Amino acid sequence: MSLPERKTDIGPPHYEQFLPPVIKNNYGKWKYHEVLSPGTMVHVAESGDEIYTVRVGSPRLLSTSSIREICDLAEKYCDGYLRFTTRNNIEFLVSDKSKVDPLVAELKEKKYSVGGIGPRVSNIIHTQGWVHCHSACTDASGIVKAIMDELYEYFTEKTLPNKVRIAVACCVNMCGAVHCSDIAVVAVHRKVPVVDDENVAKMCEIPTTVASCPTSAIRPNPKTKSITINEEKCMYCGNCFTVCPPIQIHNPEEDGVAIVVGGKIGSLRTSPKFSKLAIPFFYNDPPRWPKVVDAIKNILNVYAANARKHERVGEWVERVGWEEFFKLTGIEFTFQHIDDFTFMRDTLRTSAAFKF
Amino acid sequence: MSLPERKTDIGPPHYEQFLPPVIKNNYGKWKYHEVLSPGTMVHVAESGDEIYTVRVGSPRLLSTSSIREICDLAEKYCDGYLRFTTRNNIEFLVSDKSKVDPLVAELKEKKYSVGGIGPRVSNIIHTQGWVHCHSACTDASGIVKAIMDELYEYFTEKTLPNKVRIAVACCVNMCGAVHCSDIAVVAVHRKVPVVDDENVAKMCEIPTTVASCPTSAIRPNPKTKSITINEEKCMYCGNCFTVCPPIQIHNPEEDGVAIVVGGKIGSLRTSPKFSKLAIPFFYNDPPRWPKVVDAIKNILNVYAANARKHERVGEWVERVGWEEFFKLTGIEFTFQHIDDFTFMRDTLRTSAAFKF
Amino acid sequence: MSGKYKTPLLDELEKGPWPSFVTEIKKAAQSSSMPQMADDELGQLEKSYSTRLGYWKHGGIVGVLGYGGGVIGRYSSLPDEFPGIAHFHTVRLNQPSGFFYTAEALRMVCDIWDKYGSGLTNLHGSTGDLVLLGTTTENLEPLFAEYSSRGWDLGGSGSAMRTPSCCVGMARCEWANIDAMDICNTMTQHFQDELHRPAFPYKFKIKVSGCACDCVAAIARADLSIIGTWKDNIQIDQAEVKKYADAGMDIQAEIVDMCPTSCMSYDNGEIKINDAQCARCMHCISKMTKALKPGKEKGATILVGSKAPIVVGSLLSWVIVPFIECKPPYDELKDLTEKIIEWWDDNAKPRERIGELIEAKGMRPFLEAIGVPPQPQQVKEPRKDPFFFWAESDFKK
Amino acid sequence: MSGKYKTPLLDELEKGPWPSFVTEIKKAAQSSSMPQMADDELGQLEKSYSTRLGYWKHGGIVGVLGYGGGVIGRYSSLPDEFPGIAHFHTVRLNQPSGFFYTAEALRMVCDIWDKYGSGLTNLHGSTGDLVLLGTTTENLEPLFAEYSSRGWDLGGSGSAMRTPSCCVGMARCEWANIDAMDICNTMTQHFQDELHRPAFPYKFKIKVSGCACDCVAAIARADLSIIGTWKDNIQIDQAEVKKYADAGMDIQAEIVDMCPTSCMSYDNGEIKINDAQCARCMHCISKMTKALKPGKEKGATILVGSKAPIVVGSLLSWVIVPFIECKPPYDELKDLTEKIIEWWDDNAKPRERIGELIEAKGMRPFLEAIGVPPQPQQVKEPRKDPFFFWAESDFKK
Ligand code: SRM
Ligand code: SRM
Ligand code: SRM
Ligand code: SRM
Ligand code: SF4
Ligand code: SF4
Ligand code: SF4
Ligand code: SF4
Ligand code: SF4
Ligand code: SF4
Ligand code: SF4
Ligand code: SF4
């Protein structure tokens, strides 16, 4: 069983070999598109050629078996051409219009989630969680599954004022797009890390560890050759733990997740926006985090009922004001909502005009 | 010539003794006002009573002789009742309607500047300058006089889209309202202070001096028992000089003034705004600072020609965008315009949408 | 005018229609008992105009017995060349609230000043004081005796409460939601000790405006900004609305479309306001004063922290208490102010303003110390980054 | 499905309509040659679900010969309890630009993965890689030989260039102003060395979107964000405008009133645009794709600096070059990127992203180093405070 010869620095396969002929022929010459249903759209080229897209939800964490099943369908309906979206959905690229409906029919029969196109909830961008990451302060896949089950009809059917981008990050490293999402979940710690002096002394470079703290909460402790953390200053960001593992930040009793809202990425109408804190904390509540799911559904419903057509969550909130957001959603406003970090100056209200 | 007995902690005279009877009678019961001319208005009480105000520009720096002349007029036309505004204008409080026109006539005859009410340029808020302050990096009164001479008709006659508040500060301590003015002049240094080591060692507390620097440019110099300044870091703010006078910041060759625009204070329509840098530098050019005056007139004219009714300078600029402001005014955009101090994050553009 | 100096540069500034401060300096020498002061001021200023440099030394500490403030010491750095201004201190007289005077009172102020000073004044200083510009150290005590015996006191300077100031408010403005002048005067009297005897970490300024127009710039220039507002509905007089329309006002463009919350509409000649959505910004009221009036449930918004840019950049005041009732004797307001000052005094480093301190410590310890709960009105928007502090008390819930 | 562990908690997550990752983990054990990996992954995950704690150690450094990245080392902290995942490293395969595949290619990826790994994947990782989830140290070399010999290479990890990523662009989108996929692929190939051999201060990410919709989130998640735009006029097809109106679109409310620059008008069934005022935000075009098209003079805006919140708070990318032409072979773009990286590499501390470095040093040294002049497009608004630096060169003017 000799191995083939390895190559290096070849980079990824060139995309061209994976493009359906109709795309190759009309590359850069598309004229318009039309959304035909929540899971299908057609792009029409200047030449009149068409490419149909059938979009299907994916858990992102895919087994090779499932990938092969998807490949089977692609071969049956679209000459094997498929792609994934930047939000991890699967897209079948159908050149033959007559095969669209049969594909959709078989997908639905096989319980695939056809949808996600247009002004609705698309797939949730998420991260590794307990599945693979040492830094995880919650699981990501589980929360995502619970949310998408609940919001399912917003993926497959219902429309909203505009796209609603949801994300989940399993720690504040935020490997997903939580910091600029319409609605997102981010796992947070709430207790000062516990320092294992012996191992810190053995395994960590003290100056690097001290420097890793954004709030200067860490001081060297010459006695123990380890470090001490000033409880008053620690914001539980976990950066010290990333740099020096024996500084243990995980605390299963008091870890959990926060909900942030109102971010966006596109520059349409209003500038890209960071997400802002809506709910500072829910305890981790596996397997289905029901309170988190309820809270998200509530925010989504209030948005759907109040926003104008084409308004993103953040645009709606900025139009009506955050006072109004808290009133309409019934969410409690706490000390945690008031920034005391880098954006404090920007976010405190400097106007005598506001709503009660 | 024995002195009367001194009293302490009595506070200011109670304002009530200075109120005209019609004001006392209608205190808190005013119904509406009407601007009758650029320098006159009437306030009408629920009772139907009226108080007429005649406003006159003032250099703020007043001699007792001039004050007495004003008092003469007040006695002749309004029973001696007068006040000053928060922008240092003089207001004659006339209870007898028939005396308004004669007062205005006499004022005009005596070359008083009647005006400043309504959507126009009012008096310039300014500070001491070379007249009285050790910190002054320009003169304030001179620039103010030069500007007001040039904008005179905007005080006495012409209307603008809304009020235009101008201010002048003779150093970055900004004892005026420069930081929130429609258009303002602020004096700035551009060279690192020169340290007189001997006197610093004698007169200053080194730790306080080191701590005074916002950019941590100052380090103690144990050799000289004085301090050294890191040229790279110094922003010429002069705070060290305030705390320790032998750190000499004045440099007559390279000191001068900057022009800032777009600030406002009221919460009407849009939130109060800080002024932003329009032109980073003009050399001090006494006695009339002609380039400064021209630059302000240019900005005012462009504003007048482009803003919508009721829009303040900053509201207009924010609507059209700063790209457009620089284009319309023809002002050059420089490195100095890009914030690298406390508001850097807020002010860099984080959007793919802007005007060329 | 003694004409002691040739002042060709300054003379340029006597030309033009706006009143000239140069003329004022020249005039001061006429009436003051110490004409050399204004003369030498003029001479030194002419020199500054030609060299582009000021000639004042850092102020020394001068004052009147028992007070630590109210006088700014000032000495010329060229006392031999300009002996008349070897001493040239300013005296801050605490202005009457609202800057109201009678000719009689002002004359008296002038008479004393001509006796003991240069004859030059600022009506008024940026903080609000009636500033007397230029006297000597030895004249300070007699000057103070003369003024104080006639009912005038000094204002603030140094690390102290500074002279509070306010807009004209109820005295002549239909929009005043609070009695700005009474509040200003009451606070000034209440804090006499703090005003005259600097014992704070740095200066502390109070300004009071009757509404969101903020005619005294409270939100930008006061550590404690008190701004009048209301809670209930804007009062509308539809007959007057019609008159504005008849007079040619484009109500849709000028009023409705400029309302920041889009809570107004104009149909069939009537204005409707969804008051629950109104931010009470004052735009519509100010442009249609005969037709629209603030509501009847009046009070103030309390904001804290504004200041000039030194050291960490300019600050505008931050909303702390969205609504507080403001009725004499203003106990609630006094009490709140005392708590605010106490926390600052206890925690600030020297030369640290309260806005800077709050920035350094965060809002929470401040709000907890003064007993104010967190409220959405305190922020433009909630925090962006997921770093937030938890206190033991939060876990008990 | 071996059923080695009882997983009552995870089984709850197989209920409901959305596809279940739990089912996927169970399925992986079916086809992988190492079913114990997915089995033990499931077992450990169930344990995490009951204890609310993860059981992964910090990653050690593992990889393939000659490369410093592309593999994330991962070890269970309970290797005795879950031996199948004692090693559970992830391999990042560099995805083809635009995430296009054929069934054939994907099958091949799966076959090799079943042979050397757990059978679990992420399609795709947040950076864009095709992530292979869970293998052992000794399998890395053979796995790499198999993939690379078939034309697949590893993506980035560690302090290196990270796998660039892009939107679907010209392949299937009528709004692409630049060839996002070609640029992405070209940059990936150009920076192969930087990608595989970490020698930077920290990670450096590139993302390319064809227009301001930014479907790959370049502005929020890339150190270098390349976003397509145009310079000339929006192309309008008035006949299609009419069709939208006929179809019931409220063009005034949905398009004109939502234009951020108010540069549009709609009269007599025609849309007019004052293109000089248009910010090219894409709103109108995206909502009326048949009637409106970007202009013809196309290029990209270059932005720099976005990142997640650790350590100093989230950053969005900042506009550096408002407009740059983007035509193959993209020399100008490559050159600019190299200069940007060089400045960062020369100046950054370890673990300092370029956005953080620019914040620390200021824009000026950065712009000067890369030879880009100051332009109003780089700021939302000019600076507020009067503290600004002067260089010697400024005085020569
Ligand atoms: C397939 C995909 C690109 C890819 O390379 O994979 C894509 C494709 C299209 N996007 Fe997108 N967008 C895709 C991710 C994004 C993202 C990135 C993200 O979500 O992480 C954004 C930025 C979101 C944000 O602002 O937070 C994005 C913001 C938009 C917008 C702007 C929406 C708005 O008004 O704010 C449009 C325009 C529109 O919807 O009218 C748009 C429009 C489109 C169009 C209509 C473009 C076209 O003519 O083909 C495509 C189909 C629309 C649809 O799905 O509704 N696309 N689009 C991505 C699909 C993700 C998914 O599976 O759901
Ligand atoms: C007399 C004075 C108060 C005092 O106690 O002295 C005053 C008096 C009035 N102000 Fe004021 N304002 C006075 C300083 C201010 C200031 C403070 C400043 O300039 O430093 C502001 C904030 C400016 C800012 O936002 O930067 C101010 C912002 C306003 C506004 C808001 C204008 C806007 O639309 O942005 C109004 C409403 C209006 O003009 O429609 C207003 C309206 C008024 C009214 C109409 C109120 C009334 O019903 O009496 C008064 C006469 C208006 C006029 O002068 O045009 N007043 N007003 C001050 C006169 C200063 C002067 O001599 O020019
Ligand atoms: C006289 C006056 C200017 C004027 O021409 O009107 C003035 C004059 C001085 N100010 Fe001021 N300030 C005056 C109002 C202000 C204001 C405006 C206000 O109060 O509304 C400000 C901005 C608001 C604020 O407080 O931030 C102001 C911000 C400063 C600062 C910066 C303080 C800061 O925290 O940023 C300094 C520097 C200092 O205290 O060392 C300062 C320092 C000074 C000193 C004492 C100079 C010094 O470094 O020692 C000046 C003495 C000048 C002289 O020789 O006469 N002055 N100063 C104003 C007081 C007159 C009065 O009592 O009515
Ligand atoms: C696998 C992936 C998440 C996922 O489920 O998709 C991931 C996983 C990890 N990320 Fe990430 N990051 C991943 C995309 C991101 C992104 C999103 C992106 O690239 O668009 C971000 C936010 C954007 C950014 O770069 O700022 C991101 C921001 C971080 C950070 C914070 C970096 C910062 O400067 O703020 C860290 C912390 C660190 O580097 O020490 C981090 C660190 C990590 C580490 C290596 C944990 C660590 O501390 O060593 C995680 C390894 C997980 C594991 O065991 O598999 N990851 N990480 C993503 C890479 C897959 C791929 O190659 O396609
Ligand atoms: S967000 Fe945190 S826990 Fe989740 S994958 Fe990234 S580094 Fe790991
Ligand atoms: S968790 Fe963050 S804030 Fe707390 S000590 Fe560690 S690095 Fe500092
Ligand atoms: S602004 Fe500066 S120079 Fe002018 S009075 Fe105030 S402290 Fe003096
Ligand atoms: S002028 Fe300002 S920045 Fe420069 S050394 Fe002095 S205190 Fe520091
Ligand atoms: S702040 Fe309001 S109440 Fe006071 S004078 Fe101005 S408009 Fe009138
Ligand atoms: S006060 Fe301001 S927010 Fe309220 S209705 Fe009038 S314009 Fe609108
Ligand atoms: S970013 Fe623009 S060009 Fe790329 S897919 Fe999205 S809409 Fe199309
Ligand atoms: S692209 Fe945006 S700014 Fe330009 S016309 Fe369309 S909506 Fe207006």
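Just so it is clear, the structure is predicted and the values come from calculations on it, not from any experiment. Below, chains carry the letters A, B, ... as their sequence lines are ordered, and counting in each starts from 1.
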Under a 4.5 Å heavy-atom cut-off, does chain C meet the side chain of A:P280, its backbone, both or neither?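 Answer is both: backbone and side chain atoms of A:P280 are under 4.5 Å from chain C.
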
Under 4.5 Å from any heavy atom of chain C - which part of A:F335: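 Backbone plus side chain of A:F335, per the 4.5 Å heavy-atom cut-off to chain C.
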
Please list, in residue-number order, every residue in residues 296-313 of chain C that has a heavy atom less than 4.5 Å from any heavy atom of chain A; write 'none' if there are none.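 Only C:T301, C:L303, C:V312, C:G313 of residues 296-313 of chain C have a heavy atom under 4.5 Å from chain A.
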
Which of residues 202-225 of chain C get closer than 4.5 angstrom to chain A, counting heavy atoms alone?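 Contacts with chain A: C:A212, C:I219.
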
Can C:E392 and A:K191 be counted as an ion pair, charged N to O under 4.0 angstrom?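 Between A:K191 and C:E392 there is a salt bridge, with a charged N closer than 4.0 Å to a carboxylate O.
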
Does a salt bridge link A:D340 with C:R383, judged by any charged N lying under 4.0 Å from a carboxylate O?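 Salt bridge: yes.
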
Is [X] close to chain A through its backbone or its side chain, or both, or neither, when contacts mean heavy atoms under 4.5 Å?
X      : result
C:C278 : backbone
C:I358 : both
C:K361 : neither

Please identify, among [options], the residue contributing the most non-hydrogen atom pairs under 4.5 Å to chain A.
options                        : result
C:P373, C:P260, C:P322         : C:P322
C:M363, C:R364, C:E368, C:M282 : C:R364
C:P386, C:C281, C:G362         : C:P386

Over 12 foreign heavy atoms within 6.0 Å of [atom1], [X]:
X      : atom1 : value
C:Q235 : CD    : yes
A:K291 : NZ    : no
A:K309 : NZ    : no

Which heavy-atom pair separates [X] from [Y] by the least distance, and what is that distance?
X      : Y      : answer
C:P374 : A:F333 : C-CD2, 3.6 Å
A:W322 : C:K380 : CD1-O, 3.0 Å
C:F388 : A:V188 : CZ-CG1, 4.2 Å
A:E232 : C:F389 : O-CE1, 3.7 Å

Using the ring-ring contact (aromatic ring centres under 6.0 Å, His included) criterion, which residues pair with A:H189? Sequence neighbours excluded.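 Applying ring-ring contact (aromatic ring centres under 6.0 Å, His included) to A:H189 gives A:H250.
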
Decide whether A:E323 and C:Q375 meet the rule of one side-chain donor and one side-chain acceptor closer than 3.5 Å.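 Result is no, nothing qualifies.
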
Nearest 0.5 Å, what's the SG-CZ distance between A:C234 and C:F387?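 It is 11.0 Å, given to the nearest 0.5 Å.
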
Residues of residues 344-356 of chain A with any heavy atom under 4.5 Å of a heavy atom in chain C: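 Contacts with chain C: A:M344, A:R345, A:D346, A:T347, A:L348, A:R349, A:T350, A:S351, A:A352, A:A353, A:F354, A:K355, A:F356.
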
Quick check with a 6.0 Å cut-off and a 45 degree axis cone: is C:K384 positioned over the face of A:F274's six-membered ring?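 No.
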
Please assess C:D394 against A:R190 for the test side chain to side chain contact (heavy atoms under 4.5 Å, CB included), listing each intermediate value before the final yes or no. CA-CA 10 Å; C:D394 299 324; A:R190 298 196 298 164; 5.7 Å; no

Evaluate the side chain to side chain contact (heavy atoms under 4.5 Å, CB included) criterion for residues C:V379 and A:D339: first the C-alpha distance (whole Å), next the side-chain angles of each, then the deciding distance (0.1 Å), finally the verdict. CA-CA 9 Å; C:V379 300; A:D339 201 330; over 6 Å; no

